[in-house]
Amino acid sequence: MPKSLALDPKKMKEAEAALRTQAAKLLSEGTVTVFLGHEEGWDGLPVPFFATTPEEAKRLVWNPLVAFNLAKYLLDRLTGEEKVGIVVNGCGSLALDRLLKDRRFPRERLFVVGIPCTGLLDPDKVLALPDEARQAALEGGKAEPGLFLKRCGWCDAPNPVVADVVLGEKVPEEAGPQQYPRVEEIEKMSPAERAAHFKTLYEKCIRCFACRNVCPACSCRECSLDQWEPLWLGKATVPSEQLMYHFIRAFDVAGRCIRCGECERVCSVGVPLMELNDKLMKDITELFGVQRPHVPADVEPLGQWTEGDADLEAAH
Amino acid sequence: MAQSPVPKATRLVKKAGLGAWLTALAADNNVMAPVTVDGKPLFRWIGAGEVGQLDLAAVHTVNSPKGGVMPQTEPMLTYSAVQDGSGGKTLDIKPAAEDRPAVLFGVRPCDAAAIDLVGKVYLTGEFTDEQYQARRDRTTVVAIACAAPAKACFCTSFDLSPGAVRGADVVLYGRSGPGSVAEGDAYYAIAYTERGEAFLGGAAAKAAGVSDLPAGEADKLEKIVAAFRGLATPLGKKLGKVDVADKLESLFESAYWEKVSSRCLSCATCTFVCPTCYCFGVADTGAGGQGVRFRYWDFCKSPQFMLMAGGHDPRPAKKNRTRQRFLHKLNYHHNRCGEYLCVGCGRCVESCPVGLHLPLVVSDVRGLQP
Ligand code: SF4
Ligand code: SF4
Ligand code: SF4
Ligand code: SF4
């Protein structure tokens, strides 16, 4: 857990007030026609919310449970000229930058409100807490490391990398090399163990596509996994197709995955999707010397070719 | 409330005997039961070797046991091109091989009711789905009453309860009554169908030590069963009876659908975990002149669901698809079959990644201007 993750609900409360004011201003001045944020859902957990009037902007929330990456919703607004407002923390800004670097949404049509992040909690885990413990976490900031979102454990970009205005002070960053302990464990397995591991891993997947649909790196106009002609992915939930789904998904985001862990978080049956994502990131570091493979860059390691590429060496 | 169902047989089964029961059943049946896999409770087909993973503590498995009667992928027929003797070829078509009989064990009352509810779609009216019928005919549903309904449970918002019987052949009621998750050391096993009666009298039940009720316990049993049936559910209390079918008649064009659907991810989570969603698609797989035709779960939230050859899509946007899902459950089905297409299991509440679920829509619709 990075030291910077001193969960600070008080700071978030202040940011929430500033966010509401900022969004209301943008909407009333006509700078944006819609503002992408979160509101409180039915059971108290935040849900994605798109405010269209200054009045609605009052419903925006900013608290330790705003886990959802909002950038993906920009794909619902590709047509039109309207300018869109959006709030991002660190990882939210990586998701946004992913779409920008993939040229899936024009920067000119965005107004980005950034909020430096002191960590987020896993909504499911918080909801399961007894009332007192929940309050202590949400209001007092008293949270065990296990309550944080998994991604907070490896986050090295708590300050927004894209923003037109930043609310609140910068938080300290610790950019060390990324760790992939689970991948190391799997790499230590014998080939037979590994084969068995991967065979059972995707068995329980119900192929709901939530992992793909939530992913900011999955933004193709038409996904090959949806195509009927040719039918790349068969409709049967049999082992070969399960592997096909998971390998294509992982390889298509290789080099562009921002390590937000949203795919794994939204999976209702608990498929550990980050195992493959992390393996590919670790490989990119080892083969191409890219220290922060999850951070969108202007020139991506897998988006170029040089004579000195390590994978060429490895292939010989 | 429906009339109290009449028991056909009542037995006692020790908790400690459940493992032996399932092991004995697995010899001749496909057995589906709730097990916990990497921390997630799931309904799965289990072999005798996995009986130890049985977990009846979690009220909600993530998925429902609907796959027991509607497999996510179900072969319908096999085909092969064969020489016909005169130099030509004919197609040889064989129906899919039948599975062994099945026991769905530890099914919650909402999920058991869902099997009956969905069964009406497949089995009544002009057409009968023969393959579904055959599967139902060889399936025994053993339900377990809920001693401690989960936060998202709202079966009581319909004509159901934590002790309801609909759709079940046998219901297990914890001998110490509702209120504690532990449920004491034994269950009353009550058969409500002939199939259930035979099941409780079968060899597997004997192997598990299923015994007659101790003398003088009939009164206690009656009280306990009544207590299960009178139990409130947390979300049901908040929601009350679902009552929006008529109101929805005039809300087809409401701007609400656009608004509520805007955050939907168009995934299949809600549909696939839901015990009452039953749509399927049909596809072929094969090569070299032979193959299999199978059906598979499809989902109305998918942008591909209604897409037609030629590219026209009658439900082109999230608002159309979201409206379809909820109107089907809360209006169309009600108009056609006289009941809602929902049993209040709460899975959409627990699993939708963005908090867009049936009770929310019910409560929103109540507040809308017609
Ligand atoms: S962690 Fe998952 S959801 Fe996030 S960018 Fe990577 S693949 Fe996509
Ligand atoms: S979210 Fe989980 S169940 Fe759904 S497709 Fe992805 S891995 Fe499979
Ligand atoms: S309502 Fe929720 S679970 Fe259903 S498709 Fe939309 S995002 Fe997925
Ligand atoms: S709509 Fe939701 S609550 Fe109703 S049966 Fe389906 S998953 Fe359960």
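Letters go in sequence order (proteins before strands), and every chain restarts at 1.
Of the atoms belonging to B/Leu307, not a single heavy atom falls under 4.5 Å from chain A. Residue A/Cys211: no heavy atom, backbone or side chain, is found under 4.5 Å from chain B. Interface residue A/Ile206: backbone and side-chain heavy atoms are both found under 4.5 Å from chain B. In this structure, chain A has no heavy atom under 4.5 Å from any part of B/Val292. Of the atoms belonging to B/Pro359, heavy atoms from both backbone and side chain fall under 4.5 Å from chain A. Both the backbone and the side chain of B/Leu265 come within contact range of chain A, with heavy atoms under 4.5 Å apart.
Between A/Leu138 and A/Leu121, the closest side-chain pair of non-hydrogen atoms falls below 4.5 Å. The shortest distance between side-chain heavy atoms of B/Val354 and A/Val214 does not fall below 4.5 Å. Residues B/Val31 and B/Val51 have side chains not in contact (no heavy-atom distance under 4.5 Å, counting atoms from C-beta outward). When side chains are defined from C-beta on, B/Cys279 does not count as touching B/Cys300, because their heavy atoms never get closer than 4.5 Å.
Between A/Phe68 and B/Pro353, the closest heavy-atom pair is CE1-O, 3.7 Å. Looking at every heavy atom in both residues, A/Cys218 comes nearest to A/Val253 through SG-CG1, 3.8 Å. The shortest non-hydrogen separation linking A/Leu201 to A/Val271 is O-CG1, 4.1 Å. Nearest heavy atom pair, residue A/Leu99 against residue A/Ala71, reads CD1-O, 3.3 Å. Residues A/Leu60 and A/Ala23 share a closest heavy-atom pair of CD1-CB, 3.5 Å.
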May I have a table of the donor-acceptor pairs connecting chain B and chain A at distances under 3.5 Å?
{"residue": "B/Asp38", "atom": "OD2", "partner": "A/Lys204", "partner atom": "NZ", "Å": "3.1"}
{"residue": "B/Arg44", "atom": "NH2", "partner": "A/Glu203", "partner atom": "OE1", "Å": "3.4"}
{"residue": "B/Gln72", "atom": "NE2", "partner": "A/Ile206", "partner atom": "O", "Å": "2.9"}
{"residue": "B/Thr73", "atom": "OG1", "partner": "A/Thr237", "partner atom": "N", "Å": "2.8"}
{"residue": "B/Thr73", "atom": "OG1", "partner": "A/Thr237", "partner atom": "OG1", "Å": "2.6"}
{"residue": "B/Lys151", "atom": "NZ", "partner": "A/Leu127", "partner atom": "O", "Å": "2.8"}
{"residue": "B/Lys259", "atom": "NZ", "partner": "A/Glu56", "partner atom": "OE2", "Å": "2.9"}
{"residue": "B/Arg263", "atom": "O", "partner": "A/Tyr73", "partner atom": "OH", "Å": "2.6"}
{"residue": "B/Leu265", "atom": "O", "partner": "A/Asn213", "partner atom": "ND2", "Å": "2.8"}
{"residue": "B/Ser266", "atom": "O", "partner": "A/Asn213", "partner atom": "ND2", "Å": "3.0"}
{"residue": "B/Ala268", "atom": "N", "partner": "A/Cys208", "partner atom": "O", "Å": "2.8"}
{"residue": "B/Lys318", "atom": "NZ", "partner": "A/Asp76", "partner atom": "OD2", "Å": "2.6"}
{"residue": "B/Ser363", "atom": "OG", "partner": "A/Trp42", "partner atom": "NE1", "Å": "3.4"}

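Heavy-atom pairs under 4.5 Å with chain B peak, among A/Ala210, A/Ala236, A/Pro272, A/Gly270, at A/Ala236.
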